[in-house]
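Working notes for the structure below.
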Amino acid sequence: MEDNLVIVESPAKAKTIEKFLGKEYVVKSSFGHIRDLSKKKLGIDIDNNYQPNYEVSPDKKKIVSELKKLTKNAKTVWIASDEDREGEAIAWHLFDELKLNKDNTKRIVFHEITKKAILDSIKNPRDINNDIVNSQQARRILDRLVGFELSPILWKKIKPSLSAGRVQSVAVRLLVEREREIMSFNSESFYKVSAIFNVANNNYELKADLSKRFDTKEEVLKFLENSKTSKHKVVEVIKKPTKKSPLAPFTTSTLQQEASRKFNFSVSQTMMVAQKLYESGKITYMRTDSVNLSDFAMSEAKNVIVSNFGDEYLKVRKFRTKSKSAQEAHEAIRPTSLNKFEVSGSEAEKKLYKLIWKRTIASQMAEAKFEKTNINISISNSDYKYLATGEILKFDGFLKVYEILENGDVAKSLLPPISENDDLNVNIINAIQRFTHHPPRYTEAALVKKLEELGIGRPSTYAPIISTVQKRGYVLKENREGEKRNFNFISLVNNNIVDDIKTEITGAEKSKLFPTDIGIVVNDFLVENFEDIIDFNFTASVEKEFDEIAKGKLVWSKMIDKFYKSFHNKVEITLENSERKTGERKLGVDKASGKEVFVRIGRYGPMAQIGKSDDEEKPRYAKLTKEQHLETITLKEALDLFRLPRVVGKYEDKEITVAIGRFGPYVKHDNKFFSLKKGIDDPYTLREDRAIEIIEEKREYDRKKTIKIFDQDVPVKILNGRWGPYISYNKKNYKIPKDVVPESLSYEACLEIINKVVKPKNTKAKSKTKSKTTVKTKSKAKAKPKKKTKKKE
DNA sequence: CAGTGAGCGAGCTTCCGCTTGACTT
């Protein structure tokens with residue numbers, strides 16, 4: 001019916017474009033890729049020049065048939081998928097799967113969603129570029145080969161259901177190597193000396209740092225002793241102008257980093273909020289590697305800046321991407337209209353929008369100007385110097401809207417008026433013991449930044465990568481409490497040296513990524529056997545070849561063949577020769593039994609073991625706690641694990657034991673479990689009287705919880721729960737209607753409530769599924785009218 | 001919901017990149 005059908009990737013994009021184009025255009029979206037290699041099988045015919053076998057993805061069947069219908073009636077089909085490798089492939093898959101005609105199919109591209117850009121693109125259609133399509137096929141096939149050949153090796157050699165891949169395995173490697181660096185890091189202490197002076201004949205104070213850091217306390221004491229008689233004088237005051245420039249507009253990764261730093265958002269949280277803003281038309285597309293702003297956005301920014309802050313705040317800038325892997329199919333992330341200073345929506349949406357608005361506006365603003373002052377202070381009887389620095393803001397420029405928050409970028413104090421040759425009197429000198437710090441653990445956003453620098457992963461995959469490595473059990477996002485540490489604080493006050501010890505908290509971590517034992521063992525295995533794939537530069541080097549393919553200078557199947565021959569060879573050798581890898585480590589000998597103690601990964605995770613499995617006597621096993629690790633656990637700690645379960649006494653003629661289970665430490669009595677109070681009870685020292693107390697507390701709680709029990713074959717219980725009274729029957733829970741007094745219910749009345757719920761709701765009344773598996777059986781999905789808004793026409 | 005860890009073998013798991021859905025309590 002309609003003359004023109006335009007196909008884009010995203011439905012939100014389709015909606016806006018439809019507004020720009022006239023009535024004779026219908027704009028639909030493909031929802032990304034419509035086909036992929038077979039999900040279960042390899043999907044690649046190795047012996048037939050690596051011919052890929054594509055299938056329409058199950059969740060895309062509907063949209064594909066809808067598009068098929070529409071293309072039949074359209075005079076011209078415009079394929080407007082993104083202008084990057086994946087977009088070109090999507091165009092070709094559409095062309096192929098929809099069985100389109102070359103004569104009336106046109107490929108168009110645009111980098112910004114503006115009326116001008118789209119009309120221009122319609123005027124300049126082209127053909128699908130097969131070289132680029134082939135480069136995408138090579139990328140896809142290589143990733144499938146690597147993933148589907150490496151993962152099964154792990155199932156055999158380490159543990160079932162594990163996975164490996166070009167991207168995720170490097171992400172894990174980064175974390176493992178950083179963790180090792182941290183483990184082997186030896187913290188050293190040094191002393192930082194600073195002094196507070198009184199400016200002679202004046203009331204000003206001046207704080208300055210000594211140019212020298214001392215390694216030992218002896219040096220500090222000697223210096224302070226010396227300082228008792230020294231004279232201090234200003235020898236130099238240097239003033240110089242400095243400036244700071246705004247950062248480029250947001251890309252996916254910089255948005256994730258900044259939202260993490262400023263709001264503590266996880267990367268997936270950032271993406272979910274951004275998606276909302278995008279879908280409601282408030283920001284441009286949020287998965288991008290481009291820092292480019294459209295002409296429209298730049299002129300809008302100009303107007304906003306000039307009319308709100310004045311001409312002197314404007315500085316038009318074009319940013320260029322630094323990362324080589326960028327494909328720049330979209331704009332930077334920016335508000336669709338910079339005239340909108342804030343938006344409605346959830347708190348998170350408001351916050352993130354404001355951040356994007358500020359960053360975009362700031363990028364078109366003048367740099368901030370400062371005057372920096374350095375003051376050098378000499379010491380009469382020493383070659384060392386004191387140095388004081390200060391910074392005065394002369395012109396705020398972009399800082400008017402965008403605060404940069406960097407580590408250690410504490411607001412520098414204003415310096416008092418001071419001139420050269422001024423004499424200074426020492427008020428106090430402090431020497432504080434400090435410690436060198438290990439390199440930091442990665443946050444989610446920091447890992448994304450690192451991956452981007454390495455050219456690994458794409459804006460659309462940063463968040464999924466983080467969740468995959470956690471789902472596989474390679475990585476844990478955790479907080480760690482810090483430890484107390486003493487440090488030396490030595491002062492010279494009133495010509496007296498005061499030597500003091502203070503304490504501080506160190507090593508606290510918040511929302512950091514830690515590799516697990518499994519992650520470490522898998523990584524070591526891959527590094528040992530597949531160094532070249534796990535290499536930080538592997539992606540970069542294959543990307544070069546993909547580029548060659550895209551330029552038509554290299555045949556994709558040849559490239560794959562060269563890679564696969566040597567890779568597959570290594571796969572076979574590894575399957576054949578390498579040992580099962582369990583991260584086994586011998587810790588020593590158990591004095592009590594004389595048997596060897598070691599740790600390894602077992603079927604259920606990391607564990608400790610006393611004695612070999614081929615010994616006559618069965619070995620004893622114990623699970624490591626969450627805080628313990630194969631690489632760092634000591635013999636003593638491992639042996640401690642075997643002190644449980646422990647019999648602590650008797651109560652009501654039944655034994656009381658204490659142990660640690662899957663959900664933490666517990667007391668067991670008469671086959672019932674009672675959790676220990678976190679932070680109060682210790683399973684290793686818990687005594688009989690306290691154990692009984694815990695049992696009684698739980699019983700009291702249960703008494704309050706239970707309203708009534710009908711003791712039938714299948715007991716019916718009326719209980720008090722978090723959401724009020726309910727009926728528990730056959731492991732399922734049923735709500736009691738509000739107008740019913742629970743105490744008054746009879747057995748029959750309960751059954752009535754139960755049956756009422758079961759009947760109309762059918763089988764899916766109450767299944768306590770924890771994981772959201774997206775297995776969809778189409779067969780009986782017709783029940784509900786699940787049409788979306790189909791209100792146009 | 002909490003204890004387990006030998007081996008036999010069925011049948012399962014897995015990659016990266018594009019996109020947005022839809023269950024309740």
Side-chain angles (χ1 to χ4, degrees), chain A residues 8-13 29-37 39-44 57 59-60 63 81-82 84-90 93 136 139-155 159-169 272 275 278-279 285 287 329 456-462 464-465 468 472 539 582 600-609 613-614 618-623 644-645 657 659-668 671-675 721-723 726 733 735 761 764-769 772-774 776 784 786 788:
Chain A
V8 295
E9 292 183 33
S10 144
K13 202 169 168 179
S29 94
S30 74
F31 292 81
H33 274 293
I34 53 157
R35 297 199 304 196
D36 193 12
L37 299 172
K39 240 188 162 45
K40 289 263 168 289
K41 291 174 289 178
L42 185 63
I44 300 163
S57 318
D59 55 330
K60 300 292 167 56
I63 185 73
S81 48
D82 297 345
D84 55 19
R85 198 161 61 199
E86 299 297 326
E88 204 64 22
I90 288 173
H93 279 298
Q136 191 274 349
R139 198 280 304 155
R140 179 68 191 92
I141 288 167
L142 180 123
D143 281 336
R144 171 53 69 90
L145 289 171
V146 170
F148 274 40
E149 296 219 350
L150 283 187
S151 302
I153 304 181
L154 301 181
W155 305 344
K159 219 176 93 133
S161 303
L162 297 175
S163 68
R166 171 177 61 84
V167 172
Q168 59 167 281
S169 297
M272 270 155 52
Q275 176 91 28
Y278 169 67
E279 280 172 7
Y285 196 54
R287 292 187 273 261
I456 297 172
R458 304 277 313 129
S460 69
T461 61
Y462 293 141
I465 291 165
T468 299
R472 297 273 171 275
T539 292
T582 61
R600 66 180 172 94
I601 287 184
R603 264 208 288 167
Y604 308 100
M607 60 180 239
Q609 184 175 341
S613 43
D614 45 359
K618 241 186 134 183
R620 299 173 62 202
Y621 305 102
K623 202 179 177 128
L644 299 175
T657 54
I660 297 178
R662 264 212 301 160
F663 307 107
Y666 63 90
V667 173
K668 192 177 164 190
N671 269 325
K672 292 194 182 76
F673 297 91
F674 308 86
S675 290
R722 264 196 291 175
W723 299 293
Y726 66 98
N733 300 337
K735 214 174 168 164
K761 278 219 165 180
K764 57 178 186 177
K766 242 161 226 194
S767 56
K768 249 197 139 180
T769 39
K772 279 195 246 169
T773 40
T774 33
K776 278 208 197 153
K784 271 193 272 177
K786 50 169 1 179
K788 284 232 86 179

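Throughout, protein chains are lettered first and strands after them, A, B, ... in sequence-line order, and every chain is numbered starting at 1.
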A:W155 over B:dT13, stacked by centroid distance under 5.5 Å, angle under 30°: yes
Interatomic distance at C1', B:dT13 relative to B:dG9, whole Å: 16 Å
Donor-acceptor contact below 3.5 Å, side chain A:R144 vs main chain A:L42: yes
Residue A:S460, side-chain atoms from C-beta onward, closest of B:dT14, B:dT19, B:dG5: B:dT19
Closest listed nucleotide, where the reference is the side chain of A:R140 and the choices are B:dC18, B:dC16, B:dA2: B:dC16
A:E86 side chain to A:Q136 backbone, donor-acceptor under 3.5 Å: no
Base B:dT13 paired with A:S161 side chain (donor-acceptor, <3.5 Å): yes
Sugar-phosphate, base or nothing in reach of A:D36, heavy atoms under 4.0 Å: base
Sugar-phosphate, base or nothing in reach of A:A164, heavy atoms under 4.0 Å: sugar-phosphate
B:dT13 phosphate, OP1 or OP2, under 4.0 Å from A:K40 side-chain N/O: yes
Proximity to the side chain of A:F673 - top-ranked nucleotide from B:dC16, B:dC15, B:dA2: B:dA2
Of the listed nucleotides B:dC15, B:dT19, B:dG17, the one nearest the side chain of A:R458: B:dG17
Base of B:dC18 and ring of A:F31 stacked, centres under 5.5 Å, planes under 30°: no
Sidechain-backbone polar pair: A:K60 side chain, A:F31 backbone, donor-acceptor under 3.5 Å: yes
Which nucleotide in B:dG17, B:dG5, B:dT19 has an atom nearest any side-chain atom of A:P11: B:dT19
Per A:D143 side chain, nearest of listed nucleotides B:dC16, B:dA6, B:dC15: B:dC16
Sugar-phosphate, base or nothing in reach of A:G457, heavy atoms under 4.0 Å: sugar-phosphate
Residue A:I90, side-chain atoms from C-beta onward, closest of B:dC15, B:dC18, B:dA6: B:dC18
Check: A:F674 ring centre within less than 6.0 Å of A:Y666 ring centre: no
Electrostatic pair A:K13-A:D82, nearest N-O below 4.0 angstrom: yes
Touch class at under 4.0 angstrom, heavy-atom based, for A:K159 against every strand present: nothing
Nearest to side-chain heavy atoms of A:M607, which nucleotide of B:dG5, B:dC16, B:dA2: B:dG5
Sugar-phosphate, base or nothing in reach of A:F674, heavy atoms under 4.0 Å: nothing
Sugar-phosphate, base or nothing in reach of A:V167, heavy atoms under 4.0 Å: sugar-phosphate
Beyond-backbone contact of A:S30 with A:I90, side-chain heavy atoms, under 4.5 angstrom: yes
Rounded P spacing from B:dC23 to B:dT19 in Å: 24 Å
A:Q168 side chain, from C-beta outward: closest of B:dC15, B:dT20, B:dC18: B:dC15
5' priority, DNA chain B, between A:E86 and A:L42 [closest heavy atom]: A:L42
Pairwise 5' ranking along DNA chain B for A:E149 and A:P459, keeping only the more 5' one: A:E149
Nearest-angstrom distance from the residue atom CZ of A:F148 to P of B:dC12: 14 Å
B:dC18 and B:dA22, which share atom name P, separated by this distance in whole Å: 24 Å
Sugar-phosphate only, base, or nothing, as touched by A:R166 at under 4.0 Å among non-hydrogen atoms: sugar-phosphate
